[in-house]
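Index from 1, following the sequence.
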Amino acid sequence: MKNRELIDKLNKEKHLSEAEWIQIFDTWDAYDLQYATRVANCIALERFGRKIYFRGIVEFTNICRNDCYYCGIRCSNSKVSRYRLDEEDILKCCADGYDHGFRTFVLQGGEDPYYTQEKMCGIVKRISEEYPDCAVTVSIGELSREYYQALYDAGARRYLLRHETADPEHYAMLHPKTQTLANRMRCLRDLKEIGFQTGCGIMIGTPHQTSRYLAEDMMFMTDFRPEMIGLGPFIPHHDTPFRDEPAGSVDLTLLVIALCRIMLPDALIPSTTALGTAEAEGRQKGVLAGCNVVMPNLSPLEVRKKYMLYDGKTGTDMSAETGIRVLREQMEAIGYEVVVARGDFQERK
Ligand code: SAM
């Protein structure tokens, strides 16, 4: 079967075999990409119209106990100037965001033991109580099931935890031995069972990534049915072991976005900062390939440059207000409208 026929098959049946996925990733060309993005764009337009959900992201700590080989804030990077925002700082970011029309706050950070279950739940509870019309999303890595449950009980309803790769051997090439795919997957299962709208995802073009690994990612997502999918190109950071590795391809990222949209039509798929960093028009291209969310940064300007996951991260030199305006303009330039709404996952029967 030709790749375009496989894309039609995916659209109809919502899954492909491992061999079919591998064929697409091994042999796709510019026409296949164009075809996949056109199909994905039609699906997104039909489900969401020309509406893009805005999520305000607060990067509240760059302290991390993990040592992921790709990440600029890994614990071994002694050159990072570390910071934490306290509860009042975080609430202030949410207040500013609320005034700008945000109805989802994403609390993201490294795995920082300072934010104990009690502290974190206190913050989530306060945001949920002060902004009952808003959704709280948390993204602070691998925790115990008990901690996840406590976050849910405190009012969080969404959790982002990219699986990074669904293959254990590839996972071991990207992380030290202390970090395992088995635990990452345990976390994702726990989150789903507790009732979170759960986000998984990968970087495209991580070192050693192959078509077979990408096929495994697609098959994992077919089964797991994430409500949200985070996808962006890998971009090297100069103070990590992957400093000399090439960045992931924007076109391959767009292809994976489009295939995810076709496979999971209802999913919330952000057009990521990494995509906007890799290419000036990256975020617009992401939307045209099927993304329906953008996540402007609400963190205070003073800390932006310290949350450098990769080199050249876009938006680190503009205030929250400017960043929001720029994104709004980018979306309007391609005929999309930014909406003030919680934008919960909704499955079509
Ligand atoms: N600690 C939380 C976690 O592990 O999910 C959230 C923060 S973590 C830094 C957020 C995501 O950034 C990771 O899941 C990873 O995919 C992405 N990331 C890290 N380094 C990156 C790089 N060099 N290029 C692109 N994305 C990167």
Side-chain angles (χ1 to χ4, degrees), residues 52-64 72-73 80-112 114-141 151 154-161 197 199 228 230 268 270-274 276-277 283 293-309 313-328 330-331 338-344:
I52 296 292
Y53 297 119
F54 253 32
R55 322 293 202 200
I57 180 158
V58 184
E59 295 162 339
F60 67 96
T61 173
N62 70 352
I63 296 172
C64 191
I73 61 168
V80 179
S81 158
R82 304 282 173 176
Y83 75 91
R84 289 186 176 115
L85 300 185
D86 66 19
E87 184 167 327
E88 295 312 317
D89 295 328
I90 296 172
L91 264 291
K92 169 89 175 51
C93 295
C94 296
D96 290 346
Y98 193 88
D99 291 343
H100 283 103
F102 288 87
R103 296 297 177 265
T104 291
F105 302 119
V106 183
L107 305 182
Q108 186 172 85
E111 290 196 17
D112 180 353
Y114 169 84
Y115 296 93
T116 57
Q117 182 176 317
E118 203 188 341
K119 248 193 209 101
M120 206 58 217
C121 290
I123 296 169
V124 168
K125 196 157 187 284
R126 246 186 97 185
I127 301 173
S128 308
E129 283 171 1
E130 290 187 25
Y131 302 98
D133 53 338
C134 295
V136 181
T137 304
V138 182
S139 178
I140 51 172
L151 286 170
R157 287 294 175 269
R158 303 182 194 149
Y159 202 99
L160 302 177
L161 183 72
Q197 293 172 40
M228 301 170 288
L268 297 155
S271 196
T272 52
T273 309
T277 300
R283 267 193 294 219
V293 174
V294 283
M295 295 166 69
N297 198 322
L298 295 180
S299 312
L301 195 52
E302 316 84 78
V303 302
R304 292 284 181 90
K305 278 201 167 33
K306 299 180 183 172
Y307 200 85
M308 276 292 182
L309 308 181
K313 187 173 165 216
T314 187
T316 54
D317 52 359
M318 29 175 126
S319 67
E321 202 167 349
T322 311
I324 294 162
R325 183 174 49 74
V326 167
L327 266 177
R328 211 180 271 278
Q330 286 178 346
M331 295 302 113
V338 170
V339 289
V340 175
R342 279 174 59 110
D344 283 299

Does any non-hydrogen side-chain atom of [Y] lie less than 4.5 Å from one of [X]?
X: E111; Y: I140; value: no
X: I324; Y: N297; value: no
X: F105; Y: C93; value: no
X: V80; Y: M308; value: no
X: T104; Y: V106; value: yes
X: E87; Y: M120; value: no
X: M295; Y: L160; value: yes

Can we say R84 and D112 salt-bridge, meaning some charged N sits less than 4.0 Å from an Asp/Glu carboxylate O?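 Yes.
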Kindly confirm or rule out a cation-pi arrangement of K313 over Y307, judged by NZ or CZ under 6.0 Å from the six-membered ring centre and within 45° of its axis?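 Pair K313/Y307 does not count as cation-pi.
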Could R103 and Y98 be counted as a cation-pi pair, given that NZ or CZ must be under 6.0 Å from the ring centre and within 45° of the axis?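 Because its charged atom sits under 6.0 Å from the ring centre and within 45° of the axis, R103 does stack over Y98.
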Atom CG of L268 and atom OG1 of T137: how far apart are they, to the nearest 0.5 Å?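 Nearest 0.5 Å value for the CG-OG1 distance: 9.5 Å.
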Which residues satisfy the side-chain contact (heavy atoms from CB on, under 4.5 Å) test with V338, sequence neighbours excluded?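 V338 satisfies side-chain contact (heavy atoms from CB on, under 4.5 Å) with F54, R328, M331 only.
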State, without any angle test, whether R157 and S128 hold a side-chain donor-acceptor pair at a distance under 3.5 Å.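 No - no donor-acceptor pair under 3.5 Å links their side chains.
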Within a reach of under 6.0 Å around NZ of K125, are more than 12 heavy atoms found that belong to other residues, nucleotides or ligands?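 No, NZ of K125 has 12 or fewer neighbouring heavy atoms, counting only those of other groups under 6.0 Å.
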Is it true that, when you exclude E321 itself, more than 12 heavy atoms of the residues, nucleotides or ligands shown sit nearer than 6.0 Å to its CD?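 For E321, atom CD is not crowded (no more than 12 foreign heavy atoms under 6.0 Å).
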Is the backbone N or O of S81 less than 3.5 Å from a side-chain atom of N62, with the two atoms forming a donor-acceptor pair by type?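 Side chain of N62 to backbone of S81, a donor-acceptor pair under 3.5 Å: yes, one is there.
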May I ask you to decide if G141's main-chain N or O and Y159's side chain share a donor-acceptor pair within less than 3.5 Å?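 Between the backbone of G141 and the side chain of Y159 there is a qualifying donor-acceptor contact (under 3.5 Å).
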